[in-house]
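Beneath this line is the structure, given in structure tokens, with notes to follow.
The first residue of the sequence shown is numbered 1, and numbering continues consecutively from there.
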Amino acid sequence: MLPPGKLRNDVLREVIFPNLGVEDAKVIYGPREGFDSAVLEYDDENYLVIATDPTLGVPAEAFGFFTYHFASSDVAVFGARPRWLVVDFLLPPGTRKEFLRKAMEDLKGECERYKTAVIGGHTGVYPPISEPTATTTAMGLVRKGELKLPIARPGDRIIVTNKVALEFAVSSAYFRAEGLRKVLTSGEIEELRSLYRLETVLPDALIAKPFVRGMHDATEGGLTALHEIADNSGVGFRVYGERLELNPLVRKVLDFYRLEPWSVSSTGTLIAITPPENADSLIAELNRNGIRAFKLGEFTERKERILVEGSEERPFPEFEGDPYVELY
């Protein structure tokens, strides 16, 4: 039986990747572990970047926001501004028109913010659907010399924005508020709920693009995405636990659930693969735009994946399951 959440890479290799249809010379990068977008030949100067993502299990008030940002973030980390969207809304019986109107108005607002057009899709109400679900395909163009891939070289710095585990904490504030009242005040719970708008790497990636070699959104599995980057790059990495910056409210939530931050769903957390000479400039530019970022570690020629905690070292945690899935 398949476990809940994103399929593990061994299942992708066994079931998905061998059944992808015909080869096409226009496909520059197709389905691949650690690649959340496809890259197609568009013209002599540009690639077309395409990503698709579902939206479900999110707060009703945030549904339209995430319908835009989940897929659009994956396009942005490849260096492209999301230009076109195709959106499917699959709604359960009993859905009120006001819900759909709010979702569409919020989607429109994000499209206007980032100059994106919705060019098609499908909308319907179906009895088998138990909760509102959207599937968004985002597309954007990037000049061929500006494509960003999640590939690292030895010595590249690991720059991370300080939204690690935020997705898990915000969802807890919505779906497990009563339990959190043991450690958070009502005001702190409301503050956490308001932070859902930070669960996007789109603005981060557009700012970071000139400084980085590649980027990745730490979604389900959080910072264990570093393993996929290392696998695709033939490198190792060292991460320094004392450098990790967490929102204080997020820290309280993790402590309450007795969770480490490394494998917790962290949508909106940008992992920037940055040449060492660009690291300080990238952090400064993000900070100038109100986005906190820090150096978490570096990629290494040695293949080991190490977490340094004080004077001790241990293997960096693997993705074995995301607490967010259990929470949902």
Applying side-chain contact (heavy atoms from CB on, under 4.5 Å) to Ile158 and Phe299, what does each step give before you reach the verdict?
CA-CA 7 Å; Ile158 302 168; Phe299 292 98; 3.4 Å; yes
Could you tell me whether the side chain of [Y] reaches within less than 4.5 Å of the side chain of [X], counting heavy atoms only?
| X | Y | value |
| --- | --- | --- |
| Thr161 | Val201 | no |
| Val125 | Pro92 | no |
| Phe211 | Pro275 | no |
| Leu149 | Asn232 | no |
| Leu244 | Trp262 | yes |
| Leu223 | Pro261 | no |
| Leu48 | Trp84 | yes |
| Arg213 | Ile151 | no |

Minimal non-hydrogen separation, [X] against [Y], with atom names:
| X | Y | answer |
| --- | --- | --- |
| Tyr196 | Phe65 | O-CE2, 3.6 Å |
| Val235 | Ala152 | CG1-O, 4.0 Å |
| Gly268 | Lys163 | O-CE, 2.7 Å |
| Ala225 | Ile271 | CB-CD1, 4.2 Å |
| Arg314 | Glu260 | NH2-OE2, 2.6 Å |
| Ser37 | Ala51 | OG-CB, 3.4 Å |

Pair [X] + [Y]: basic N to acidic O under 4.0 Å:
| X | Y | result |
| --- | --- | --- |
| Lys295 | Asp280 | yes |
| Arg288 | Glu285 | yes |
| Arg143 | Glu45 | yes |
| Arg193 | Glu190 | yes |
| Arg197 | Glu110 | yes |

In the single-linkage hydrophobic clustering (I, L, V, M, F, W, Y; side-chain heavy atoms under 4.5 Å), do [X] and [Y] co-cluster?
| X | Y | value |
| --- | --- | --- |
| Leu40 | Leu141 | yes |
| Met139 | Tyr42 | yes |
| Phe70 | Val77 | no |
| Ile229 | Leu282 | no |
| Leu20 | Val15 | yes |

Go through it in stages, so that I can follow the logic: the residues are Ile273 and Val212, the test is side-chain contact (heavy atoms from CB on, under 4.5 Å), and I'd like the CA-CA distance, side-chain angles, deciding distance and then a yes or no.
CA-CA 6 Å; Ile273 305 161; Val212 303; 5.9 Å; no
Classify the side-chain pair [X]/[Y] by whether it contains a donor and acceptor separated by less than 3.5 Å.
| X | Y | value |
| --- | --- | --- |
| Ser186 | Arg181 | yes |
| Ser73 | Thr200 | yes |
| Tyr240 | Glu298 | yes |

Please tell me whether His227 and Phe319 form a close aromatic pair, meaning their ring centres lie under 6.0 Å apart.
no
Tyr29 and Phe78 aromatic centres sub-6.0 Å
no
Donor-acceptor pair, side chain of Asn289 and main chain of Ile291, under 3.5 angstrom
no
Measure the spacing between [atom1] of [X] and [atom2] of [Y] and express it to the nearest 0.5 Å.
| X | Y | atom1 | atom2 | result |
| --- | --- | --- | --- | --- |
| Ile129 | Thr95 | CD1 | OG1 | 10.0 Å |
| Ile306 | Thr300 | CD1 | OG1 | 8.5 Å |
| Leu91 | Leu100 | CG | CG | 6.0 Å |

Using 30° and 60° as the class boundaries, would you call the ring planes of Phe63 and Phe99 parallel, tilted or perpendicular?
tilted
Side chain to side chain donor-acceptor pair (under 3.5 Å) between Glu199 and His69, intermediate numbers included:
CA-CA 8 Å; Glu199 292 178 43; His69 279 279; over 6 Å; no
With Thr52, the side-chain hydrogen bond (donor to acceptor under 3.5 Å, both in side chains) member among Thr137, Thr136, Asp36, Thr135
Thr137
Start with the C-alpha gap between Glu318 and Arg305, add the side-chain angles, then the distance that decides, and say whether salt bridge (charged side-chain N to carboxylate O under 4.0 Å, His left out) holds.
CA-CA 10 Å; Glu318 299 274 356; Arg305 290 96 183 268; 5.3 Å; no
Using the six-membered ring of Tyr114, assess whether NZ or CZ of Arg81 lies under 6.0 Å from its centre and within 45 degrees of the ring axis.
no
